[in-house]
Every structure is written in structure tokens, then in C-alpha cells.
Amino acid sequence: MLQKLFINRFIHLIFLLALSACSKMVSQGPEPQLPYEIGKGNLTAEDAKIEAIIAPYREPLQKSMAETLCYSDANATKELPEGSLGSMITDILRSEISMQTQTPIDICFLNHGGLRVEWPKGAIVRSMVFELMPFENQLQIIQMNANQVEGMLKLIAGKGGSPISGIRMEIENGQLKSWSVDGDPNKEKALYNVLTSDYLVNGGDSYLLKHEGEIKFLQGNLKVRDGIEAAIKRIHANGKTLKPMKDGRIQKITTP
Amino acid sequence: MEESRKLPRRSFLKAGLPILGMAFIPGEVFGQSFKRERRLSILHTNDWHSRIDPFPVNDPKFPGMGGAARRSALINSIRKEVGDVLLLDAGDIVQGTPYFNYYAGVPEIRLMNEMGYECATLGNHDFDNGIDGLKKLIGLAKFPFVNCNYDFGSTGLEKIVRKSVVIKKSGLRIGIVGVGIDLKPLLPAENILGIQYNHPVEIADSEAKRLKENENCDLVICLSHLGYEYSDTKVSDRVLASQTRHIDLVIGGHTHSFLEKPVQVANLEGRLVTINQVGWAGLRLGRINYHFSSINNTNDRPISQIEVFKKSIAI
């Protein structure tokens, strides 16, 4: 202890000597060896006054997070090129937002990395929705012509697949080989309504989605997470369950 | 916010005293030319992101870490050790846990009031519930919010967000100015309707100059939500520090940078400006100690010295 103090004083002395020679601001001084590693915090004491403020907020929140919103018939998993979780989430969002906005939505696209956890078979509680989509990204509807859709699908192919609804596509050696829109097999539409997130429209995950005209924000800037919650609650209210499955919408072909 | 701890008066020590003697005189004044001394401990957080509870024990990155009750206990233990501290936050107080979705930031501000925060700046996420949502939070806060580079027009924020504040602490006058990031690419237009972003560097420096010259501040801190550093030319804390003359310390946020220790950058005068940022989520508390001494028996403003770079503290 004394030694430590001694060293501190010594350094302080040098520091003051330096100061007296030069009146400019100088950075000097020891760096005490304080515990620093995250996850090994040695400070676990809690302030009871703070805890007393939090408790009345925490309890109803925990109750709400534990609320069952829907049931799932199977595990929903993350996979590439297609996973049962990604296909299910994009399908139910497309259907929910079509209903909410009274707009036919041709395609729903989210990125693989954006779905953060998998969902189990059985009860889906609200905290799982928050864990799946902790981000505050908002749903947006953009309009794409066929070239722009193809551009998006090329990016998806380069990444080895993605959660997507309304599209069937083939990826050959990391390249887009063929594609079609479920609701428009002959690609006759001038513009497709694409439901996605602001994150992806703005260049997140290296997707910078090219589109025509104005971006459509949803009522109340609906978040992706809130859209998912609304979708699964509606399914539950209709007496139905989630049926996560892969339907082969993205085929990966490997040629020698 | 007045001086809460009287500094003990001591007789000056002559040069050449045995070093051992120095060891028993904490915070000694060395040499006759030094007249006064003051000490200041600045504690800071950034990017709370509504992290009121610790991370879950099964969190892959931060298992069981953080938590407002622990943050507060740590701050109180430092107060016990050094007396009064200056407690600051660099924005993005809200958004990121269901607490914000459910309670719109009210518990976060109540907790900061209780912890004794003295000033904060605005982060982009603090606009997530629009201007009205932010007004409510500022109205609830017992501490001022500062920003000098947003032109708030007639949104109402112009009346409640201040360009800067002066806080008297430990017999010193501490000027605090705030700067924020361009909100337009980050938020829906309706959330920031009527707010104009201005490039922060010149505005912040001229406000810092005013604080030093007109308000007679001993130290000027810039609370920044610009972000620590970018690979392109976008304005950041490093750009701000290097392109100004009157800011002494930049306490940053936004990029969630876990700086291992405060960084120093030369400003336009060649003087070193300190920058610090402590990650996010209240996982760490930043601490910077200053030691002020007046020199040469003049009545000049004391010159600030960074005495110790303490590493930020993991909670």
C-alpha cells in the first residue's frame, strides 16, 4: 500500500516537474491496474433505492413478456439457402401486412442475420418475439421493377439464400440461375410491392435495395417485431397454429 | 452543484524535499509557484439503450453484466471515495429493451435523476418516439440536456434543450456543450420534423470559446453523439477534437466503442484533447480525474491537467 502510494507520488512529482517546464496541457500519469474484463465485473452491489424504482416497472413487464401469443407445431430453424423459420416469418408478415394495408404484397424479404434466434415447438411467448427481432427496424413497402427484383435476388444468391416469401429461385454456384414471382408467373407486372425493413432499404447487411418512387412507411412506423407479433396473434385468434416448414422455394444447385 | 468538499489548505513544499515525505501528502503542491489546486472526477456513460436490468445470465456476450442498480452502487462508492463527482451521459438513453416499448423512457430518466446525473446530450434514438416523446422525457429530467448543432426551429425543443451549461463543481467552472449526429438518415422524417442539422465542428468550438472566455470556464467538455471514428470523412469525435481549439474533453457515444482507455488527439493549437467512450448498455462507467493547479502566483484561470487516466470500470 505504502509502496503504491510512493510510486504514485513519484509519478506525480515527475508530472509536476514537466508541468512547471511547460504550461500546456499534457497527458501524464499512471494507469492503475483496475479490473477491466467484461463479464468478470467485481462490482455486484446493488443500490436498493434504484431497485425500488425499477421493481414496479419490471413486474408487469416480465408478466407481459411471458404471455403466450401463439403455438407452433414444430421447431422453426435458421438455415441457408432456406430455413423453416425464415420462410414462415416472411410468409406470415406478407399476409399480415397485406391485410393491414389492404395492399397486395408480392414479396417479403428479410435478411438471414436479422433473425436472431430460432423458435421452439410449443408456446411462443412475447419474449421470443423480442429475442427473434431485438432491433427496432421498421417495415417498409417499396416498389421494384423486375430488374430491381432480379438485382435483389442476385445479392441473395451471392449470400447463399435468405428468408423470403413470394419468390421461387435457383442458385447455381452462388449465382442466380432462375427466378419467378409466385403471384406473377409470367413476370407481367411493371412494379412489385416488396415488404422489407428500413435497414435493408438503407444498405444494411450490404443490401442496398434499388426501387422506384417513394418508400411507403406503415401506419405508426410499424416495427418488424410488432408486425410479427400482430401476425402470430391473428393466427392464434383464428384458432390456428404456426406450421414452420421448408417448401423448396430456394433451390441450390451445385454443378461440378 | 456547488463545491461540496473543501480542499485542505497546506503549506507549500520546497523543491528537493525527500520523496518519501511526498508520499504522505496526497495531492501535494510542488514548488512555490503553485498556488491553488483542485481535483475533479468525471464519471460518464453513453448509449444506455434502456438497459435497466443486467443482461440475462445466458447472454453470449455479456452474461449477467450491467444493470442500473449496480451502476448506481458503483457511482455511489466512488462518491464515497472522492467526494463530489461530475456525472454525465452522451445520449441514446433509450431504445433497446422492452422497457422502452412499454414505458417510453420514463423509468430511464427517473433512474438517472436518482443517480444524480448532471447533464446529458441527445442521441438519435432519443428521438424514436418523436419530438413529443422527447419533450416528455426532458420535462421529467432533473438535469439539463445540451446540444448546439441542431436548429430546433419552433418545435418546442428550442426552449428546453440548451446549447451549453456551466456547472460549478469543486470550486471550478465546468462548461459543457453538446453535439449530435445528422438525424435525417437515421429516423423517419416525421420524428424530426422542423429540426435542422448543422455541421457541429465550428458551432461547438465557438460555443466552447464563449464558455472559456465569457463564462470563465476552467474546463470545457463536449458531450458528443457523433461517434468515435469512421473510415470515411464523416464527422466524428476524432475529427471534432482535431478541428477545434477550445474543447478539452470529448465524452462520446453512438458507435458503442469500448475504448480501453481515453484517447488523445492534438487539436488545431497542438494541444491534446482527450476523447473517451465506454461501449454501451451501461456495461462500463468511464472515469477521468483532473487535477487543476494555478501557476506563477497569478490570478489566471487554473490550468487543467489530466492527472490519471483511469480505465473505465466494468460493472
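A, B, ... follow the sequence lines: proteins, then strands. Residue 1 opens every chain.
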For this session: Count the heavy-atom pairs under 4.5 Å between each of B/A73, B/S77, B/P98, B/G279 and chain A, then report the option with the highest count.
Result: B/P98
Exercise. Under 3.5 Å, side chain of B/D182 to main-chain N/O of B/K184, donor-acceptor pair present?
Worked result: yes
Problem set entry | Short side-chain to backbone donor-acceptor contact, B/N191 and B/D128, under 3.5 Å | yes
For this session: For the pair B/R38 and B/D218, find out whether any cationic side-chain nitrogen is under 4.0 Å from an anionic carboxylate oxygen.
Result: no
For this session: Give a yes or no on whether a salt bridge exists between B/E108 and B/R51, defined as a side-chain N under 4.0 angstrom from a carboxylate O.
Result: no
For this session: Apply side chain to side chain contact (heavy atoms under 4.5 Å, CB included) to B/H125 and B/H49, showing your working.
Result: CA-CA 8 Å; B/H125 282 292; B/H49 283 294; 3.4 Å; yes
Exercise. Which bit of B/F55 comes within less than 4.5 Å of chain A, counting heavy atoms only: side chain, backbone, both or neither?
Worked result: neither
For this session: List the steps and the verdict of side chain to side chain contact (heavy atoms under 4.5 Å, CB included) for A/L132 and A/I89.
Result: CA-CA 10 Å; A/L132 178 72; A/I89 294 292; 3.7 Å; yes
Exercise. Roughly how far, to the nearest 0.5 Å, is the CG atom of B/L43 from the CZ atom of B/R79?
Worked result: 7.5 Å
Seminar exercise, completed: Honestly, the part of A/Y57 sitting under 4.5 Å from a heavy atom of chain B is both
Exercise. Is it the backbone or the side chain of A/R225 that comes under 4.5 Å from a heavy atom of chain B, or both, or neither?
Worked result: side chain
For this session: Show your working on side chain to side chain contact (heavy atoms under 4.5 Å, CB included) between A/E229 and A/R234 and close with a plain yes or no.
Result: CA-CA 9 Å; A/E229 174 166 330; A/R234 190 188 298 275; over 6 Å; no
Exercise. Is any residue of residues 102-126 of chain A within less than 4.5 Å of chain B by heavy atoms, and which ones?
Worked result: A/R126
For this session: Select all residues of residues 60-69 of chain A having any heavy atom within less than 4.5 Å of some heavy atom of chain B, and report them by number, or 'none'.
Result: A/P60, A/L61, A/S64, A/M65
Problem set entry | Worked check of salt bridge (Lys or Arg N to Asp or Glu O under 4.0 Å) between B/K212 and B/D248 | CA-CA 10 Å; B/K212 283 225 167 117; B/D248 300 302; 2.9 Å; yes
For this session: Kindly indicate, with the supporting measurements, whether the criterion salt bridge (Lys or Arg N to Asp or Glu O under 4.0 Å) is fulfilled by B/R287 and B/E81.
Result: CA-CA 13 Å; B/R287 178 176 180 181; B/E81 175 198 327; 3.2 Å; yes
Exercise. Aromatic rings A/H236 and A/Y71: how do their planes relate, parallel, tilted or perpendicular, breaks at 30° and 60°?
Worked result: tilted
